[in-house]
Amino acid sequence: MPNVQTKRKKKKNRKRKIRRAVTVLLLLIIAVVCLCLFTPFFNISSISVAGNEQVASEDILARCGILENTNIFRINKKASRASLESLAYLDTIKIKRKLPNKVVIEVTETTASLLFPFMTGYVVTDSTGKVLEQTTDAEAWDLPQILGAGIENAEISKKITVQDTVKFGIIVDSIRYLQEKELLPQIRECNFEDISNFRMKMRDGIEVIFGKIEDMDYKLKKLETVLPQVDKSEGSYLDLSTPAKAFYGRNEPEVPAASGEPGTTAEPQPDTNQPEGE
């Protein structure tokens, strides 16, 4: 019996010690939390911005909603990021606490890459279709125009909404291929009205016919090989729609009407004097 009573007593003592330890730990935690939340030592003394070039630091600081002399642990980083996302040219946003009293806002920016006709003007977007601005002056932007996207709505700092999301996914993938090949700056227009007959016009004037949007890696490699060998002026074309072939030709100008007869336009013919892709 004495052994049983001794064991019970020891068990009660252990439980008592555990309760005391837990209580002390909770009190310490409460004390630390109070110290962090209420002492001026952790009041923000500076807020800095890093990684921005296009968006002014003043605009970021004004939009983030974080103020100096605020306790560093009381800032709502999620709400600040959501507010900063309304600045269209910001791509990624990180808000970091630098204890004891500094905050750093690290951002990366996106760039204007594409121009989509929309309503009576144009929508300026990055390469993913995120709306950066709206404009009526396409020439001022000097960006490739993307035709055939079927835009339904365009809201600043959000991706454009389209009638056919599957088609738009194909458009975005095609643009990504062109971007990876560093071809976007050379392009005046991409026409996706008929995705089974995709074509684009280069800034020099030559039209490139891809046909179906498939085997784009191969077609773009063929384009890189053949394009330097041909005349790229207005009216010329390069047809890459036939597998393993690249046909070059020129669209014939209109023939003047004779003795009152209506003018005619010749059909495009391959130029046999120009190189054909292997």
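Sequence positions, counted from 1, serve as the residue numbers for this chain. Note that the structure is predicted; figures quoted are calculated from it, not measured.
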Step by step, would you call Glu152 with Val162 a side chain to side chain contact (heavy atoms under 4.5 Å, CB included)?
-> CA-CA 5 Å; Glu152 287 188 333; Val162 294; 5.8 Å; no

Take Tyr248 and Tyr237 through the side chain to side chain contact (heavy atoms under 4.5 Å, CB included) test and state the conclusion after the steps.
-> CA-CA 6 Å; Tyr248 171 78; Tyr237 69 86; over 6 Å; no

Go through the steps to decide whether Asp91 and Thr110 satisfy the test side-chain hydrogen bond (donor to acceptor under 3.5 Å, both in side chains), and finish with yes or no.
-> CA-CA 5 Å; Asp91 188 20; Thr110 190; 5.3 Å; no

Could you give me the CA-CA distance, side-chain angles and deciding distance for Ser196 and Asp194, then say whether side-chain hydrogen bond (donor to acceptor under 3.5 Å, both in side chains) is met?
-> CA-CA 5 Å; Ser196 65; Asp194 179 1; 2.5 Å; yes

From CA spacing to verdict: side chain to side chain contact (heavy atoms under 4.5 Å, CB included), Glu224, Lys181 = CA-CA 9 Å; Glu224 286 182 308; Lys181 296 294 183 180; 4.2 Å; yes

Give the C-alpha distance, both sets of side-chain angles, the deciding distance and a yes or no for side chain to side chain contact (heavy atoms under 4.5 Å, CB included) between Leu87 and Ile60.
-> CA-CA 8 Å; Leu87 295 173; Ile60 294 174; 4.1 Å; yes

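Just one of Arg199, Met202, Lys201 meets the side chain to side chain contact (heavy atoms under 4.5 Å, CB included) condition when paired with Val208; it is Met202. Of the listed residues (Leu178, Ile206, Asn191, Ile146), just one forms a side chain to side chain contact (heavy atoms under 4.5 Å, CB included) with Met200, and that residue is Leu178. Each of Lys96, Lys77, Lys98, Lys94 was scored for a salt bridge (charged side-chain N to carboxylate O under 4.0 Å, His left out) with Glu106, with one residue passing: Lys96.
In this structure, the side chain of Asp126 engages the main chain of Gly129 through a donor-acceptor pair within 3.5 Å. Using a distance-only test at 3.5 Å, with no hydrogens or angles considered, a donor-acceptor pair links the side chain of Arg250 to the main chain of Glu234. Judged purely by atom type and a 3.5 angstrom limit, Gln134 uses its side chain to pair as donor or acceptor with the backbone of Ala154. Side-chain atoms of Ser236 come within 3.5 Å of backbone atoms of Asp231 as a donor-acceptor pair (strictly under, hydrogens ignored). Put simply, the side chain of Thr92 never gets that close to the backbone of Val107: no donor and acceptor are under 3.5 Å apart. Judged by distance alone, the side chain of Lys130 and the main-chain N or O of Ala88 form a donor-acceptor pair under 3.5 Å.
Residues Asp217 and Asp215 are not in side-chain contact: their nearest non-hydrogen atoms beyond the backbone lie 4.5 Å or more apart. Pro144 has its side chain within reach of Arg203: a pair of non-hydrogen atoms, C-beta onward, lies under 4.5 Å apart. The closest side-chain heavy-atom distance from Leu132 to Ile156 is not below 4.5 Å. The side-chain heavy atoms of Ile66 and Ile44, taken from C-beta on, include a pair separated by under 4.5 Å. Using a 4.5 Å heavy-atom cutoff, the side chains of Phe73 and Phe42 are in contact. Side-chain contact between Ser45 and Lys102 is present, with heavy atoms from C-beta onward closer than 4.5 Å. Residues Phe210 and Leu220 are in side-chain contact: their nearest non-hydrogen atoms beyond the backbone lie under 4.5 Å apart. For the pair Ile93 and Glu85, the minimum side-chain heavy-atom distance is below 4.5 Å.
The two atoms that bring Lys212 and Lys219 nearest to each other are O-NZ, 2.7 Å, heavy atoms only. In terms of heavy atoms, Cys64 sits closest to Ser80 at O-OG, 2.9 Å. Minimum interatomic distance between Pro117 and Tyr122 (heavy atoms only, all atoms of both residues): CA-CD2, 3.7 Å. In plain terms, the two heavy atoms of Gln179 and Ser113 that are nearest each other are NE2-OG, 4.4 Å. Here the closest heavy-atom approach between residue Pro100 and residue Phe41 is recorded as CB-CE2, 3.5 Å. In plain terms, the two heavy atoms of Ala149 and Ile171 that are nearest each other are CA-CD1, 3.9 Å.
Atoms OH and CG, on Tyr218 and Leu223 in that order, are 12.0 Å from each other to the nearest 0.5 Å. Atom CD of Gln54 sits about 6.5 Å away from atom OG1 of Thr111, to the nearest 0.5 Å. Between atom CG of residue Leu90 and atom OG1 of residue Thr108 there is a gap of 8.0 Å, rounded to the nearest 0.5 Å. To the nearest 0.5 Å, atoms OG (Ser83) and CG (Asn76) are separated by 11.0 Å. In this structure, the separation between OG on Ser127 and CG on Leu184 is 8.0 Å, given to the nearest 0.5 Å. Here the CE-CD1 distance, from Met119 to Ile151, works out to 11.0 Å after rounding to the nearest 0.5 Å.
Cluster annotation: Val103 is connected to Val49 through the hydrophobic network of ILVMFWY side chains, with a link wherever side-chain heavy atoms come within less than 4.5 Å. Both Val55 and Leu84 are assigned to one and the same hydrophobic cluster, defined by single-linkage of ILVMFWY side chains at heavy-atom distances under 4.5 Å. Residues Ile175 and Ile195 share a single hydrophobic cluster, defined by chaining ILVMFWY side chains whose heavy atoms lie under 4.5 Å apart. Transitive grouping of hydrophobic side chains (ILVMFWY, heavy atoms separated by less than 4.5 Å) keeps Ile72 and Leu67 in distinct clusters. When hydrophobic clusters are built by joining Ile, Leu, Val, Met, Phe, Trp and Tyr residues whose side-chain heavy atoms come closer than 4.5 Å, directly or via intermediates, Tyr177 is not grouped with Leu147.
There is a side-chain donor-acceptor pair under 3.5 Å between Ser86 and Arg63. Under 3.5 Å, the side chains of Glu133 and Tyr89 contain a donor-acceptor pair of N or O atoms. Of the N and O atoms on the side chains of Asn52 and Ser57, at least one donor lies less than 3.5 Å from an acceptor on the other residue.
By the 30° and 60° cut-offs, the orientation of the rings of Phe168 relative to Phe116 is tilted.
More than 12 heavy atoms of other residues, nucleotides or ligands lie within 6.0 Å of NZ in Lys167, so this atom counts as buried by the packing criterion. Gln163 CD: more than 12 foreign heavy atoms inside a 6.0 Å radius.
Taking a cutoff of 4.0 Å between a charged side-chain nitrogen and a carboxylate oxygen, Glu155 and Lys158 qualify as a salt bridge.
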